[in-house]
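Letters A, B, ... are given to chains in the order of the sequence lines, protein chains preceding strands, and every chain is numbered from 1. Note that these values count all heavy atoms, side chains included, but never hydrogens, waters or copies made by symmetry.
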Amino acid sequence: MSLKPTIGIETHIELNTNTKMFCRCAVVDTDEPNISLCPTCIGLPGALPVPNKKAIEFITLLALSTGCEITSKGMFHRKNYFYPDLPKNYQISQFDLPVGLNGELEIVIDENKDYIQIERVHMEEDTGKSSHSGSGRIESATSTALDFNRSGVPLVEIVTKPVISSSKQAVAYIEELRQLSIDLNISEGRLEKGNLRFDANISVALEDSNELGTKVEIKNMNSLRSLERAIDFEIQRQTKALEDGVEIVQETRHWDENKEVTSTMRSKEGSADYRYFSDPDLPNMFLSDEFIKEVETLMPLLPKAQREELMTTGLSLSQSNILSKSDDWIKKLYVKVFDQTKDSVASYNWITGELQGQMRKANIEVLPEWFNDDYLSEIIELIKSNKISFTSAKIILTEILTAETTPSKVAEQKNLFQENDSEKISEMINQIIKENQDIVDRIKSGEDKLVGFLVGQLMKQSNGSVNPGMAKELLLKELEG
Amino acid sequence: MDVSHLSIREINSLFTKKEIKPSELYSKVFENAANSEAALHAHLTLFEEENIKKAAEADKRFSNSESASLLDGIPIAIKDNINIKNYKTTCSSKMLSNYTSPYDATVIEKLKQQNTLFTGKTNLDEFAMGSSTENSAFGLTKNPWNTDYVPGGSSGGSAASVGARSSIAALGSDTGGSIRQPASFCGLVGFKPTYGTVSRFGLVAFASSLDQIGPITKTVDDSRIIFSSISGEDSRDATSVINNQLDIPSDNTATIGVIKELMEDGISGEAKNEVNKVIEILKSKGYKVKEISIPIIKLSISIYYLIAPAECSANLARFDGVRYGLRVDGNTSYEMMENTRAEGFGAEVKRRILLGTYALSAGYYDEYYGKALQARKEMIDEFAKTFKDVDYLISPTTPTQAFKSGEKTSNPLEMYMSDLCTIPANLAGLPAISIPTGLSKDELPLGVQIMSKPLSDNSLLDFSEIIENEVQFDGQPKGWL
Ligand SMILES: [Zn+2]
């Protein structure tokens, strides 16, 4: 039996506006509950919603950046359901007229591009937060504490068509969406804070079937690891069920991080009836052409275009992709260093490898203020002109990360400039040969690998200042001669 | 002279001439309340004590000739679905019997700026759902003209208060006639302004697309004064409009349309007579009067009883015992919400929530709510067309005089029919006013309704004042005064 999985993803992105979606309460990042509230966001009698223009701008930006058609006559709808942390017991959302429809997002896996079709981009308000005690579930909780700081925070929901076929693709999609929202400056994009939360709809069907299998929804994940493992688990579970002839139930499942399994949250008989209707407090919202044009002018260079630009410097697609998903200062540093050295591979490797690696090891989050962008170019140039060894370059980098100095000063002080004068090197080699006659004899009788030992001795005696390539070459010549 | 019978402008003139002090009028209205309240039950709360100081301040302003407002020192009663900061807002519901509002409605803020004196909160049909003020959880209100009869509703308490001179004027809210019908039953002027001209912020919503706050007064001029004080665009209400008034002729160059469908079956002879009486007066003054037909008006009640309950089913969802108001415990959060709503709401409110929930349900939406929206749109278009031919529309305000308490409580449909003439103005967002014109053979007041196109409120008031002067209705309820 040949089976194929189909996955669709719904992502909620918390927008980083200063104020909430329908009131002017500040959006706060705190554990102290219920400090940013007003009659509107806790649903007091008589309170009314007034839309946040910035949030609408952000959502329009996201819809435009994913190539969606913009519904200029968007309408807020009420989505009716009862839940203690939903103050009005309806959520203001969008229904049949979302801001964006039929878009597409380019993703990258290794050296390949792929395109994920977006069904819709729409806005809604967030709910409050419930903490159930006695058990994790509302049904069996002995008490429930409510925090409405999050209530009314603007969210955008992006729904893909069922076009994703693997966990790898799903992860690449979320990575791309996250970077896009950061580059658009509409979200902090911090997964650990729940800035992006995703639900995955997964089904498995026969390879040659035109119909999708019974879909199972996994709710509310906020890490790439969970997304990947939950999808893999669910595909396996459903595949096995189909192979064993067990019926798959349409249901919502929960991903258990610790046990690494999905389990039933609730079964659905069809879909819930939210009784959507146009919110009479918010008559037709009209996105004027001028507004859309104004938003277009705010469009930054998107990750896709960034990758294309980076590839023109000579980087591969995957390298460009990694850079496009790096912090802004890293992207900028690359551009600068490449401009100076014209060496894309060295620039890329030094920045994404050595520099970021050393920073991580030393727990440095931002470059020290004395760290001049030119330093990396200087280091790369010194290596290329054989003035320092690669090993020395690493030492120099460590020094300039920890103290206010420059690459050439470090090289000078630590005597790291390489000896490139062959006569001087030959002198040192002769000395080494004299001191290690027994080793030389063994090499001559066939133990080739001991050449490395002699080079090592040479490097040691010269404090690493000889060019190792030249040293080896000259040493071999000497031994043969 | 009993100053409580005078109009606002007359009272202000006496205040200004220092012939009477605001505190004296203030005492007088509370004396009237003391005489009538036990029999009428117009108020849920009376503010006598807390505003004595404010009345004294008004005295000082007038004695120093520092007052700049026509409403300074005028005692006004407020329907108990409009929030006054730090006072209870019960909506005549058990659900909110213990609820105190932490904020002022926009209209209250505006009246406070004018130094109005609030006399109390008036009784209403629970959450403004009803036409007789018999659906109050805190007891019914009686008609000051004859306590065997209802005062109308839902703003029956406001009308009874002004009728008994326990306040000089009152604010009500009108969703399907809730200002105009009780005004007519109590021999008063009731004005429902153009939808959006008066902010709904702080008015506890019944049906958001229909609700509008307005005055119940003794004279048209009093309504004009209050309307000009409480109207204006409000950034806290997304449905509020810029109050750019259209100028329509009110003199005899104006054309008056008599709505054929509101002069047919179901309208009492007495009610028709009042309309005909006014028509004759207008004709004699040279106005052009013609009969017009708006057939879709016959569907008003059907349309209204789909749209209003649908909106209310969501608007009232917030009353769940979680954050404020009544809470009836249960074993789980959901059980608590269910118990609270079962006990907190009265029968009529439950009936409408159920009706609205049904009308919005999947599979029924298109057939019911969707169709009602379509018909409402058609009605708006029909009125727009009609107003190309005529400047004002005249009809009875109510099909009959006030009915007896208990007469229609067991027959909701018959009760709903009493709003036949007033509902169209809410559906189409038109300004509409009820003017008292005469008494029935039972010595109960009757009135006529005038409507005009949206944003012609001031012209409508001017035109109504001409009728008021011609009709010379000077009836006053006997016995209390
Ligand atoms: Zn708020």
Side-chain angles (χ1 to χ4, degrees), chain A residues 22-24 34 37-51 76-92 95 128 130 132 134-135 137-146 148 151 270-285, chain B residues 81-83 89 91 95-96 99 101-103 105-106 127 196 199-205 207-211 234-240 307 310-311 313-325 332-334 336-338 341 356-365 369-370 373:
Chain A
F22 295 111
C23 60
R24 301 298 86 90
N34 299 314
L37 314 177
C38 74
T40 296
C41 59
I42 54 170
L44 291 190
L48 294 172
V50 176
F76 289 109
H77 275 69
R78 292 184 182 178
K79 179 182 183 181
N80 295 287
Y81 64 97
F82 279 84
Y83 202 85
D85 64 20
L86 184 64
K88 301 183 294 295
N89 286 315
Y90 63 79
Q91 185 181 25
I92 305 176
F95 184 49
S130 307
H132 306 297
S135 94
R137 299 266 179 100
I138 185 172
E139 293 82 4
S140 43
T142 51
S143 75
T144 298
L146 297 166
F148 293 103
S151 168
S271 64
D273 184 3
Y274 292 117
R275 302 188 308 281
Y276 282 99
F277 73 106
S278 171
D279 191 331
D281 286 329
L282 298 160
N284 297 4
M285 185 193 71
Chain B
N81 61 351
I82 298 171
N83 290 316
T89 302
C91 296
M95 187 65 92
L96 292 177
Y99 176 72
S101 176
Y103 73 99
T106 298
F127 287 105
S199 170
R200 291 185 299 114
F201 183 78
L203 166 69
V204 182
S208 316
S209 75
L210 303 161
D211 296 341
D234 184 5
S235 62
R236 292 174 295 187
D237 176 0
T239 62
S240 96
I307 289 176
E311 291 183 14
S313 73
N315 282 335
L316 271 62
R318 67 187 62 193
F319 304 112
D320 57 7
V322 172
R323 284 145 295 125
Y324 51 81
T332 64
S333 303
Y334 280 110
M336 183 270 282
M337 292 193 270
E338 284 168 15
R341 290 169 68 79
T357 304
Y358 184 78
L360 289 173
S361 298
Y364 298 100
Y365 179 101
Y369 185 70
L373 286 183

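When heavy atoms are compared at a cutoff of 4.5 Å, B:Ala314 approaches chain A by way of both its backbone and its side chain. Of the atoms belonging to B:Ala310, it is backbone heavy atoms, and not side-chain ones, that fall under 4.5 Å from chain A. When heavy atoms are compared at a cutoff of 4.5 Å, A:Phe82 approaches chain B by way of both its backbone and its side chain. Neither the backbone nor the side chain of B:Ser313 has a heavy atom closer than 4.5 Å to any heavy atom of chain A. Contact annotation for A:Asn80: only side-chain heavy atoms (C-beta onward) come within less than 4.5 Å of a heavy atom of chain B. When heavy atoms are compared at a cutoff of 4.5 Å, B:Asp211 does not approach chain A at all. Residue B:Asp237 touches chain A through both its backbone and its side chain, counting heavy-atom pairs closer than 4.5 Å. Residue contact with chain A, scored on non-hydrogen atoms closer than 4.5 Å, involves the backbone and the side chain of B:Val204 alike.
Each of A:Cys38, A:Pro51, A:Pro84, A:Cys23 has some count of heavy-atom pairs under 4.5 Å with chain B, and the biggest count is that of A:Pro84. Of all the listed residues (B:Gly363, B:Ala317, B:Gly325), the one sharing the greatest number of non-hydrogen pairs under 4.5 Å with chain A is B:Ala317. Chosen from B:Glu311, B:Met337, B:Arg323, B:Arg200, the residue pairing most often with chain A at heavy-atom distances under 4.5 Å is B:Arg323. Contact count versus chain A (heavy atoms, under 4.5 Å) is highest, among B:Tyr99, B:Phe319, B:Tyr324, B:Phe201, for B:Tyr324.
Side chains of A:Tyr276 and B:Tyr365 form no contact here, defined as non-hydrogen atoms less than 4.5 Å apart.
Here the side chain of A:Asn34 pairs a donor or acceptor atom with the backbone of A:Phe148 at under 3.5 angstrom. Side chain of B:Tyr103 to backbone of A:Ala47: a donor-acceptor contact under 3.5 angstrom is found. Judged purely by atom type and a 3.5 angstrom limit, A:Ser151 uses its side chain to pair as donor or acceptor with the backbone of A:Cys41. One N or O on the side chain of B:Arg318 and one on the backbone of A:Leu44 form a donor-acceptor pair closer than 3.5 Å. Between the side chain of B:Arg236 and the backbone N or O of B:Ala105 there is no donor-acceptor pair closer than 3.5 Å. Formation of a donor-acceptor pair under 3.5 Å by the A:Asp273 side chain with backbone atoms of B:Ser361 is not found in this model.
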Margin query: Could you walk me through whether B:Tyr358 and B:Tyr364 satisfy the ring pair (Phe, Tyr, Trp, His ring centres under 6.0 Å) test, starting with their C-alpha distance in whole Å, then the side-chain angles of each, then the deciding distance to 0.1 Å, before giving a yes or no?
Written below: CA-CA 7 Å; B:Tyr358 184 78; B:Tyr364 298 100; 4.6 Å; yes

